[in-house]
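First up is the structure itself, then whatever we jot down about it.
Side-chain atoms are counted along with the backbone in the values below, which use heavy atoms only and exclude waters and symmetry mates. Note that the coordinates shown come from a computational prediction; the quantities given were computed from them, not determined experimentally.
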Amino acid sequence: MDATAFVGVAGYEGAVAHGRSGDALHDAGAFVADLVALHETLLPRYDDPAAAIVTAGGSAFPDVVADVLAEAAARLPGRFVIRSGASLIHDEGYYRSLSPFDGAGLRPAARAIARVVSTPEPGLALLDAGKRDVPYDLDLPVPLARLDADGTRHPLRHVDHRRADRRGQRPARLPAHRPGRPRRPR
C-alpha cells in the first residue's frame, strides 16, 4: 500500500519570469501550464480528483495565471486557486510596476507605524522598527508620511526630511510602507 497521499500541486511562476515583456508573459504561462500538466498526470493518484488543489501565484501575473487555470478548470477535475504570491502583504512598489491593472488593482494590505527615536546627525533619523517589524523581500520599506507627536499628518511630498537640525523636535511616528511577505529565518 502506498503511504503517499497526493492532494494537489502548487507553484510560483514569479521565479521563472520577471517584468511584463512578451517573453516573461510566455514563460509565466508555460510554467503554469506545466503545473497543470503535472496535475493531469497525478489525477489517477489522487484519492478524490475533484478535491485536488491546483494553485499558482498571481501577484505579478494574475492575468496569466487566471487564463491558464480557467482553461484547465473547464476540462479537468480539481479546485483551481489563484493565490497571490504575497498572501498577506506585498512588496507594493515592485508589484505595482508589474501589475496588469495599471496600479489600480493591488493595494498594500498593511502599513507600519514607527517612531523616530533618535536623530544623531543631520539627515539621519533612527526609527523603532527594523527588519523583523517591517520585513521585505525586494525593496526597503518606503516612508509615506510624517506624523507629529500631536497626530498631525504631513505627506512626505510636503516634508523636507533633510532639515539641517531636528534635535529639538519631539519624537514623531513615521508610517512605513511596502513591507514584504515574511521570510523564514535562515
Side-chain angles (χ1 to χ4, degrees), residues 1-112 129-144 175-186:
M1 178 174 181
D2 190 355
T4 304
F6 293 98
V7 295
V9 294
Y12 170 58
E13 77 292 343
V16 299
H18 304 285
R20 298 284 304 172
S21 70
D23 286 344
L25 296 173
H26 174 269
D27 292 347
F31 177 85
V32 179
D34 287 346
L35 193 67
V36 169
L38 176 60
H39 167 66
E40 196 166 8
T41 300
L42 292 173
L43 283 173
R45 305 273 321 257
Y46 295 133
D47 289 336
D48 182 1
I53 298 170
V54 180
T55 183
S59 294
F61 305 101
D63 51 338
V64 173
V65 173
D67 289 346
V68 175
L69 292 186
E71 186 279 327
R75 65 181 181 81
L76 296 170
R79 295 176 43 207
F80 295 83
V81 179
I82 300 169
R83 91 179 177 279
S84 178
S87 59
L88 300 176
I89 53 180
H90 64 276
D91 287 288
E92 185 262 338
Y94 174 75
Y95 287 116
R96 183 175 301 242
S97 73
L98 295 180
S99 175
F101 305 120
D102 296 323
L106 295 174
R107 293 186 327 223
R111 294 185 183 195
K131 179 128 178 163
R132 288 180 186 218
D133 305 300
V134 188
Y136 59 91
D137 281 344
L138 302 170
D139 297 322
L140 290 171
V142 175
L144 294 176
H177 183 72
R178 259 201 238 171
R181 58 187 169 267
R183 298 176 82 170
R184 291 185 181 157
R186 294 181 189 210

### Task
Name all pairs fulfilling the ring-ring contact (aromatic ring centres under 6.0 Å, His included) condition that reach into residues 13-35, sequence neighbours left out, sorted by first residue then second.
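Counting only pairs at least two positions apart or across chains, no ring-ring contact (aromatic ring centres under 6.0 Å, His included) contact touches residues 13-35.
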### Query
What is the distance from atom OG1 of T55 to atom CG of L35, rounded to the nearest 0.5 Å?
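Rounded to the nearest 0.5 Å, the OG1-CG separation comes out at 8.5 Å.
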#### Entry: Under 3.5 Å donor-acceptor, E13 side chain and G57 backbone
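A pair under 3.5 Å: yes.
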Contact summary for [X] and [Y], nearest pair of heavy atoms:
| X | Y | answer |
| --- | --- | --- |
| P77 | L43 | CG-CD2, 3.8 Å |
| A56 | V65 | CB-CG1, 3.8 Å |
| A72 | V36 | CB-CG1, 3.5 Å |
| F6 | Y46 | O-CD2, 3.2 Å |
| A24 | A17 | O-CB, 3.3 Å |

### Message
Could you work out, with ring pair (Phe, Tyr, Trp, His ring centres under 6.0 Å) as the rule, every residue matching F80, not counting sequence neighbours?
### Response
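Testing F80 for ring pair (Phe, Tyr, Trp, His ring centres under 6.0 Å), a comparison that skips the adjacent residues, returns H39.
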### Message
Test of understanding: with side-chain hydrogen bond (donor to acceptor under 3.5 Å, both in side chains), list the residues that count as partners of R20, not counting sequence neighbours.
### Response
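Checked R20 against side-chain hydrogen bond (donor to acceptor under 3.5 Å, both in side chains); matches are D63.
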